[in-house]
Asker: 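After the structure tokens below, expect a handful of questions from me.
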Amino acid sequence: MTEHVPALHLTDPTVLVTLIGADQSGVTTRLFEDLSAFAVEVIDIEQLVVRGRLILSALLTIPDDREGLESTVHAVGEAFGLDVSVEYGTGDNRPRRVGRAQVVILGAPLKPGAMAALAAQIKEDGGNIDRIVRMARYPVTAIRMEVSGADPDELQAHLAAVAFEQGVDIAVQENGIQRHAQRLVVMDVDSTLIQGEVIEMIAAHAGFEAEVAAITESAMNGELDFSESLTARVKLLEGVDESALGEVYDALVYAPGARTMIRTLKRLGYRFALVSGGFTQIIERIAAELGVDYFAANELEVVDGKLTGRILGDVVDRAGKAEALRRFADEARIPVRNTVAIGDGANDLDMLAASGLGIAFNAKPVVRDQARTSVNVPYLDAIVYLLGITREEVEAADAAD
């Protein structure tokens, strides 16, 4: 039977042992082997290595032989050429305050001024940075901070403004058990999953690419009703040969990191959906190629091998995208709060707002201003860092396969 370990009280004496210096193999083993000669309990351990520099701290209960413990720790330090400090106090780490959040910062590059400004805002909001870990160095620098003491919603709003001023991206999520849950990722397609707009590529076959592009730009900026703009754009496609759809699909270019993001998250059991104002004739093939679980899009009418300039059925518009997200979440049996939505245009706003984590990806200003989280680097796999996955973990999983 396992012996019950009594709780440590704030007034119980403890000692913090810290070793700092060049990282070497065997330091941790030697320290704890030598400490095993004393009747002490290990309360906490933190170890960090940055560019070959080691910081190793161990919080212990205090033995009767304090001098013996100090002598032992200093002997370990001398053996490895490490600086040693021994500090006596009481209790464990101070209790973390209410309001736990995970703050992820993306920078390309990440400058000291940005870190200073964000840290100052966290302090102003009553927060404390309990831990900082690097998630990735390339293609962007990604840093995760664990923060306590600040309301996550207020922190998100305030840090977003600072991040915009500093030219970095920021995401704030409540640091609870739900962030480890299975998720459904719902993505827009045009200018998000792929580079460019499919309807403009089709329009090029009809000689109306410039006209369609102008209408698309206005619609994505929220200046035109999406359904009306789509009807007007599709009308210009009348007479285009159906074979043009295959040519457009063959010419598609995915956003950098798209395959990496999907491959990585599917390994973890994530589900994926494409929700697009584009067309099923293209979206269905993308979904099959990438192993996407669900999709919703508009269907172009084809008669005698030619586009008629009309859409069959209801238009997947701004409201329809949000409804599709809820429907797919229900089919996947994943709570809506565990969905991630990614999009760039005004017709994505309802979907971003409905999701648990809405991400404006290289978005139009009207979308960036309203979304809780923005990513303005061109790499779609940067999304995985917001979900707590490091670059090293991604590469190790790829190597194992």
Side-chain angles (χ1 to χ4, degrees), residues 1-104 119 122 127-135 142-150 173-181 388-393 396:
M1 182 179 294
T2 303
E3 181 181 356
H4 176 70
V5 178
L8 187 74
H9 297 291
L10 293 177
T11 57
D12 290 343
T14 53
V15 58
L16 178 65
V17 171
T18 302
L19 292 84
I20 301 175
D23 184 36
Q24 300 161 68
S25 177
V27 175
T28 305
T29 301
R30 170 70 181 274
L31 174 65
F32 288 103
E33 280 182 348
D34 290 4
L35 288 175
S36 64
F38 300 88
V40 297
E41 178 188 345
V42 178
I43 306 300
D44 195 4
I45 305 171
E46 292 278 354
Q47 181 169 314
L48 177 67
V49 177
V50 178
R51 210 186 68 178
R53 294 289 293 177
L54 167 74
I55 302 174
L56 171 60
S57 292
L59 185 66
L60 313 165
T61 55
I62 298 178
D64 293 334
D65 184 5
R66 292 192 182 196
E67 292 184 2
L69 181 136
E70 291 182 26
S71 177
T72 295
V73 172
H74 280 286
V76 173
E78 290 175 6
F80 290 93
L82 304 174
D83 295 329
V84 174
S85 69
V86 179
E87 304 173 44
Y88 292 94
T90 57
D92 198 346
N93 300 315
R94 60 180 176 78
R96 293 181 179 178
R97 294 167 287 175
V98 296
R100 299 281 303 284
Q102 174 179 275
V103 178
V104 178
I122 290 170
N128 185 75
I129 302 171
D130 299 318
R131 182 171 298 163
I132 303 176
V133 179
R134 188 179 78 179
M135 307 294 290
I143 301 294
R144 184 183 69 207
M145 298 192 294
E146 294 182 12
V147 176
S148 62
Q173 299 178 71
E174 191 168 355
N175 203 7
I177 194 171
Q178 287 299 329
R179 70 185 180 89
H180 300 291
I389 301 163
T390 69
R391 187 75 196 181
E392 288 80 5
E393 290 170 329

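This is a predicted model, so every value here is computed, not measured. Just the heavy atoms: all of them, side chains too, but no hydrogens, waters or symmetry mates, feed the values below. In what follows, residues are counted from 1 in the order of the sequence shown.
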Asker: Can you tell if the side chain of Leu56 reaches within under 4.5 Å of the side chain of Val17, non-hydrogen atoms only?
Answerer: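 Contact flag for Leu56/Val17 side chains = no.
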Asker: What's the shortest heavy-atom distance between Asp65 and Gly68, and which atoms?
Answerer: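 Looking at all heavy atoms of both residues, the shortest contact is OD1-N, 2.8 Å.
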Asker: Output all residues satisfying side chain to side chain donor-acceptor pair (under 3.5 Å) with Glu33, sequence neighbours left out; order by chain, then residue number.
Answerer: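 So Glu33 forms no side chain to side chain donor-acceptor pair (under 3.5 Å) with any residue.
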Asker: Measure across Gly127 and Val147 and return the closest heavy-atom pair with its distance rounded to 0.1 Å.
Answerer: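 Minimum heavy-atom separation between Gly127 and Val147: CA-CG1, 4.3 Å.
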Asker: Supply the atom-to-atom distance Leu69 CG to Leu60 CG, rounded to the nearest 0.5 angstrom.
Answerer: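 Answer for the CG-CG pair, Leu69 versus Leu60, is 6.5 Å.
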Asker: Look only at the side chain of Gln24 and the backbone of Ala22, and say whether a donor-acceptor pair between them is shorter than 3.5 Å.
Answerer: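 Looks like yes, one N/O pair under 3.5 Å.
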Asker: Side chains of Arg131 and Gln102: does their closest heavy-atom pair fall under 4.5 Å?
Answerer: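 Side-chain contact under 4.5 Å: no.
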Asker: Return the CG to CD distance between Asp23 and Gln47, rounded to the nearest 0.5 Å.
Answerer: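 CD of Gln47 is found 7.0 Å from CG of Asp23.
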Asker: With sequence neighbours excluded, tell me which residues meet side-chain contact (heavy atoms from CB on, under 4.5 Å) with Glu393.
Answerer: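 By the side-chain contact (heavy atoms from CB on, under 4.5 Å) rule, Glu393 matches Ile389, Thr390.
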Asker: Going by heavy atoms in the side chains, are Leu35 and Val73 under 4.5 Å from each other?
Answerer: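 They are in contact (side-chain heavy atoms under 4.5 Å apart), so the answer is yes.
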Asker: When rounded to the nearest 0.5 angstrom, what distance separates CG in Leu82 from CD1 in Ile55?
Answerer: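 Answer for the CG-CD1 pair, Leu82 versus Ile55, is 11.5 Å.
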Asker: What is the minimum heavy-atom distance between Glu392 and Met135, and which atoms define it?
Answerer: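 Answer, listing the atom of Glu392 first, then Met135: OE1-O, 3.6 Å.
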Asker: Might you point out which heavy atoms bring Asp130 and Ser148 nearest each other, and give the distance in Å?
Answerer: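 Scanning both residues, the minimum pair turns out to be OD2-OG, 2.8 Å.
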Asker: Considering non-hydrogen atoms only, spot the tightest contact between Gly77 and Val84 and give its length.
Answerer: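 Minimum heavy-atom contact is CA-CG2, 3.7 Å.
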Asker: In Å and rounded to the nearest 0.5 Å, what is the CG to CD1 distance from Leu54 to Ile20?
Answerer: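 Nearest 0.5 Å value for the CG-CD1 distance: 8.5 Å.
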Asker: Are Phe80 and Leu19 side-chain neighbours, meaning at least one heavy-atom pair lies under 4.5 Å?
Answerer: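 Sidechains of Leu19 and Phe80: no contact.
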Asker: Which pairs count as side-chain hydrogen bond (donor to acceptor under 3.5 Å, both in side chains) when at least one residue sits in residues 70-85, sequence neighbours excluded?
Answerer: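 The answer is Glu70-Tyr88.
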Asker: For Ile132, check side-chain contact (heavy atoms from CB on, under 4.5 Å) against everything at least two apart and list the hits.
Answerer: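 For Ile132 the side-chain contact (heavy atoms from CB on, under 4.5 Å) partners, ignoring immediate neighbours, are Ile129, Ile143, Met145.
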Asker: To the closest 0.5 Å, what do you measure between OG1 (Thr14) and CD (Glu87)?
Answerer: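 CD of Glu87 is found 10.5 Å from OG1 of Thr14.
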Asker: Could you state the interatomic distance from CD1 (Ile62) to OG1 (Thr90), rounded to the nearest 0.5 Å?
Answerer: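 Reported value, rounded in 0.5 Å steps: 9.0 Å.
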Asker: If the condition is salt bridge (Lys or Arg N to Asp or Glu O under 4.0 Å), which residues does Asp34 pass it with, not counting sequence neighbours?
Answerer: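 Asp34 satisfies salt bridge (Lys or Arg N to Asp or Glu O under 4.0 Å) with Arg30 once adjacent residues are dropped.
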